[in-house]
Amino acid sequence: MPSLDISELNIVISVLGAFILAYGFFSVKIKQVWYLGEALPAVFVGVCLGPIAAKFLSAGRWGSAEEGQQEAITLGLCRIVIGAQLVIAGFQLPAQYQMYNWKEMAICLLPVMTIMWLCTTLCILATIPNLSLLAALVIGSCVTCTDPILSQAVAKGPFADKFVPRALREIISSEAGANDGFGFPFLLLATYLIRHAELEGVKFKNGVSAAVEGATEGAAHLLKRNEDGIGRLGGGVSKAMEQWIVEGWLYIIVLSVVIGVILGYGSMYVIKFALKKKWIDTESFMLWPMALGLFTIGICGVLGTDDLLACFVAGNALNWNGMYLEESEKRHDEVNSCFDVILNFGGFMYIGTIIPWSEFHQPDTTGITIGRLMMLGVLILIFRRIPAIFMTYKIMPRCVKDWKEALFMGYFGPIGIGAVFYVEHTRHLFPTPGEAMTEEEDAMTRAMIPVVYWLVLFSIIVHGLSIPALDAFYRYRKIAPIFEEEPAEVRVLSTFEPLPNNAYANPKRNSVLMHNRFSRPISTGPNAPGLTRWNSHDSQDTLNLGKDDDVYAQKLEYIRRYGGKFEEQHRV
C-alpha cells in the first residue's frame with residue numbers, strides 16, 4: 001500500500017528543488033537588477049528552514065543521525081563545493097595568466113595575506129576575551145582567505161560587467177582562487193607553535209598540572225592526546241618550524257601544486273588530442289572541469305594534501321594554451337555556470353541551517369556576546385584587507401591602477417564557505433572543547449566556531465547588500481558603464497534570452513555585443529585569426545593555426561595584458 005515517506009532525503013531535495021524553481025522565476029531581477037546573487041537568498045532560506053526557525057532542515061538528522069556527524073558532513077560538503085568551483089574559476093582566467101602575472105600573484109599571496117592574517121588576529125584579540133596570541137592566530141587564519149565563491153559576484157557578476165575593469169576583475173578572481181588553498185601555511189604555523197610549545201611555560205588546567213609536575217620521563221607521553229598526535233607534544237619553536245616547512249610547505253603546498261599541474265596539464269593535452277580526433281562529444285567536454293575537480297579532491301584527500309589549491313592549479317593548467325576556454329565558448333558553455341549556481345544554492349543553504357546561533361552570546365563561558373561580535377565584524381571589514389591592499393597596490397599597477405580600485409579590491413574580500421572549511425578542518429587539529437589539557441586550547445576551541453560562523457554570516461549580509469548599494473550610488477552619480485572599442489560578440493540562441501548587463505543587441509547579425517566581458521577567449525576581436533564570425537561560412541579552424549601561430553601568440557599576450565586592445569597597444 002502507498003504510504004508517506006517523510007525522510008530527510010525527500011525533504012532536502014524537495015526544499016532545494018523548490019528554492020531553485022522560485023529563485024529561477026525571478027533570477028534576472030535578483031541578479032541583474034537587485035544584484036543580490038545566490039549566496040544571500042540561499043543563506044536566508046537556510047536560516048528560515050533550519051533548526052532554529054522552522055526546524056524543517058537539520059543536518060544532525062541526516063544519514064545515520066549519529067552525534068557529531070554534522071562536522072564531517074560540513075567539511076565534506078565544503079570540499080566539494082569549493083574544489084569544483086575552483087577548477088571552473090581557474091580555466092575561465094586568460095591562458096597562462098599566472099605566468100604573466102606572477103609578480104602580482106606573489107604580492108597577493110605573500111605580503112598581502114600575511115598582513116591580512118596579522119590584522120585579523122589583532123581584531124580578534126581586541127574583541128574576543130580569554131584568547132592568547134597563538135589562539136587568535138589560529139582563528140585568524142581561518143578567515144584570512146577571501147572566499148572564491150562570493151568573490152566571483154564581484155569579478156564576474158552583472159555589476160562587474162558594467163563597472164569593474166577587466167584587469168581588476170581577473171586579479172580578484174585569481175587571488176581568491178589561489179589564496180583559499182594558500183591559507184594552510186598560516187593555519188599550520190599557528191597550530192604547530194601551540195602544539196610544540198615548551199612544556200615548562202604552558203599553563204595546564206587543574207589536575208593536569210599536578211600530574212605533569214609529578215612526572216619526569218612520562219610527562220611527554222602524558223601530554224599526548226592520542227595516537228593522532230593532537231594536543232601538547234612539546235619540542236619548542238625549532239620543532240614547530242621543522243614541521244611547518246616539511247609538512248606544511250613541502251608536502252601540503254608543493255605536492256598540491258604538483259598534483260594540480262600534472263592533472264590539469266595532462267587534461268589539456270588529452271582534450272586537444274581528443275578534439276582533433278573528434279572522440280569527445282559536447283556533453284563530456286563540458287563536464288570535464290567538474291570531473292577533474294572531483295578527481296583532484298579525491299586524490300588529494302587520500303594523500304592528505306591541499307585539495308583546494310590543487311583544484312585551482314588544475315583549472316589554470318587545463319586552459320594553459322587557451323584552447324579549452326575558446327572551445328567551450330564556441331559551444332556556448334552554460335553547463336559549468338549551471339554547476340556554479342546549483343553548488344552555490346546547496347552550499348549556502350546548508351550554511352544557513354548550521355549557523356550556531358546559541359553560541360553567539362555566552363558571557364558566562366567564552367565571554368562572547370552579540371556586541372563583541374558586532375564590533376569584531378566592523379573591525380574585520382575595515383582593517384582585515386583594506387590596509388594590506390593600500391600598502392601594496394602601487395607595486396602592481398597593471399591590475400590596480402589607483403586608490404579607488406585599491407579601495408574596491410580591499411573592501412570586497414568576502415568571508416564565506418572557505419572559512420567554514422578551514423574552521424571545520426581545524427576541529428581535527430585540536431582536542432574537542434572541554435577535553436583540552438590547557439586553558440589556551442580550551443578557550444580557542446570554544447571560541448573559534450561562533451567567531452568564524454559569525455564572520456561568515458556578517459560578510460554574506462554586508463557584502464551581499466553592498467553591491468546593490470554601490471549600484472544605487474553609481475546611478476545617483478550617473479557613472480557610465482565601461483565601453484570597449486572591440487566588445488565580445490556572442491550569437492543569440494533564443495529570442496527569449498534576456499540581454500546581459502552592459503550588452504547591446506545587433507539584430508542584423510543576430511548577435512549581442514558584450515562590453516567588458518570577463519571570460520573572453522583569444523579569438524574574440526574582429527581582427528583576431530581564426531575567429532568564427534557568426535553567420536559566416538569561411539571561418540578557420542583555430543586548432544590548426546598554421547602560419548598565423550606568431551600572430552596568435554602576440555594577440556594572446558596583449559589580450560592577457562591589456563584586455564583585448566591589441567591594435568592600439570601594438571602601435572604604441
Side-chain angles (χ1 to χ4, degrees), residues 71 74-75 78 113-147 179-180 182-195 197 230-232 240 244 248 351 354-356 359-363 365-385 388 413-436 438-460:
E71 291 81 3
T74 304
L75 184 60
C78 290
M113 284 193 70
T114 303
I115 296 171
M116 289 173 61
W117 181 40
L118 297 177
C119 290
T120 302
T121 300
L122 294 177
C123 293
I124 293 173
L125 280 175
T127 53
I128 305 301
N130 307 325
L131 291 179
S132 66
L133 175 60
L134 290 179
L137 285 171
V138 171
I139 300 176
S141 66
C142 295
V143 294
T144 294
C145 306
T146 54
D147 188 74
N179 76 6
D180 207 61
F182 213 74
F184 268 101
F186 301 96
L187 172 61
L188 293 179
L189 177 58
T191 299
Y192 291 146
L193 288 175
I194 292 179
R195 182 177 296 175
I230 62 175
R232 296 292 184 174
W244 184 56
I351 296 299
I354 64 172
I355 293 175
E359 299 181 32
F360 289 159
H361 190 77
Q362 303 180 84
T365 54
T366 62
I368 294 175
T369 63
I370 294 294
R372 288 181 178 274
L373 290 178
M374 288 294 296
M375 184 181 300
L376 175 61
V378 174
L379 291 177
I380 290 292
L381 189 67
I382 298 173
F383 296 109
R384 166 176 164 266
R385 182 171 168 83
I415 302 170
I417 293 184
V420 175
F421 165 81
Y422 273 104
V423 76
E424 295 297 340
H425 180 80
T426 306
R427 285 182 189 261
H428 304 287
L429 303 178
F430 292 94
T432 56
E435 295 185 6
T438 63
E439 297 178 357
E440 180 184 30
E441 290 176 292
D442 210 34
M444 183 195 68
T445 53
R446 292 181 185 275
M448 65 182 184
I449 295 299
V451 167
V452 172
Y453 274 87
W454 168 264
L455 291 176
V456 169
L457 179 63
F458 185 87
S459 179
I460 290 174

Quiz prompt | Residue pair Tyr422, Thr144: steps toward the side-chain contact (heavy atoms from CB on, under 4.5 Å) verdict | solution = CA-CA 10 Å; Tyr422 273 104; Thr144 294; over 6 Å; no
Practice problem: Show your reasoning for whether side-chain contact (heavy atoms from CB on, under 4.5 Å) applies to Cys145 and Phe182. | Solution: CA-CA 8 Å; Cys145 306; Phe182 213 74; over 6 Å; no
Practice problem: Walk me through it: do Ser132 and Glu440 pass the test side-chain hydrogen bond (donor to acceptor under 3.5 Å, both in side chains)? | Solution: CA-CA 6 Å; Ser132 66; Glu440 180 184 30; 2.5 Å; yes
Self-check item: Working for side-chain contact (heavy atoms from CB on, under 4.5 Å), residues Asp180 and Phe421
Solution: CA-CA 10 Å; Asp180 207 61; Phe421 165 81; 5.6 Å; no
Quiz item: How far apart are the C-alpha atoms of Leu429 and Arg195, what are their side-chain angles, what is the distance that settles it, and do they pass the side-chain contact (heavy atoms from CB on, under 4.5 Å) test?
Solution: CA-CA 9 Å; Leu429 303 178; Arg195 182 177 296 175; 4.0 Å; yes
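Each of Leu455, Val452, Leu125 was evaluated against Ile139; a single residue qualifies, Val452, per the side-chain contact (heavy atoms from CB on, under 4.5 Å) test.
For residues 119-129, there are no side-chain hydrogen bond (donor to acceptor under 3.5 Å, both in side chains) pairs, not counting sequence neighbours.
Distance alone, capped at 3.5 Å, places no donor-acceptor pair between the Glu435 side chain and the Thr432 backbone. A donor-acceptor pair is defined here as one N or O able to donate and one able to accept, closer than 3.5 Å; no such pair exists between the side chain of Ser459 and the backbone of Val456.
Pairing each heavy atom of Ala135 with each of Ile194, the nearest pair is N-CD1, 4.0 Å. When all heavy atoms of Pro433 and Arg446 are compared, the closest pair comes out as CB-CG, 3.9 Å. Pairing each heavy atom of Cys78 with each of Val420, the nearest pair is SG-CG1, 3.7 Å. Between Leu137 and Trp117, the shortest heavy-atom contact is O-NE1, 2.9 Å. The nearest pair of heavy atoms linking Ala436 to Glu441 is CB-CB, 3.6 Å. Scanning all heavy atoms of the two residues, the minimum distance from Met116 to Ala388 falls at CG-CB, 4.0 Å.
To the nearest 0.5 Å, atoms OG1 (Thr426) and CG (Leu187) are separated by 4.5 Å. Taken to the nearest 0.5 Å, the CG atom of Asn130 stands 9.0 Å off from the CD atom of Glu439. Atoms CG and CZ, on Leu118 and Phe186 in that order, are 8.5 Å from each other to the nearest 0.5 Å. Annotation: the span from Phe458 atom CZ to Leu373 atom CG amounts to 10.5 Å, rounded to 0.5 Å. In this structure, the separation between NE2 on His361 and CD1 on Ile368 is 11.0 Å, given to the nearest 0.5 Å. Put simply, CD1 on Ile415 and SG on Cys142 are 10.5 Å apart, with the number rounded to the nearest 0.5 Å.
For the pair Leu376 and Cys123, the minimum side-chain heavy-atom distance is below 4.5 Å.
By the salt bridge (Lys or Arg N to Asp or Glu O under 4.0 Å) test, Arg384 is found to be paired with no residue, residues two or more places apart in sequence or in another chain being considered. Residues passing the side-chain hydrogen bond (donor to acceptor under 3.5 Å, both in side chains) test with Tyr192, sequence neighbours excluded: Glu247. Thr146 pairs by the side-chain hydrogen bond (donor to acceptor under 3.5 Å, both in side chains) definition with Asn179, not counting sequence neighbours. For Glu71, the salt bridge (Lys or Arg N to Asp or Glu O under 4.0 Å) partners at least two apart in sequence or on another chain are Arg427. With sequence neighbours excluded, the residues satisfying side-chain contact (heavy atoms from CB on, under 4.5 Å) with Ile382 are Val378.
Using bins of under 30°, 30° to 60° and over 60° for the plane-to-plane angle, the ring pair His428/His425 lands in the perpendicular bin.
Ring pair Tyr453/Phe360: centre-to-centre distance not below 6.0 Å.
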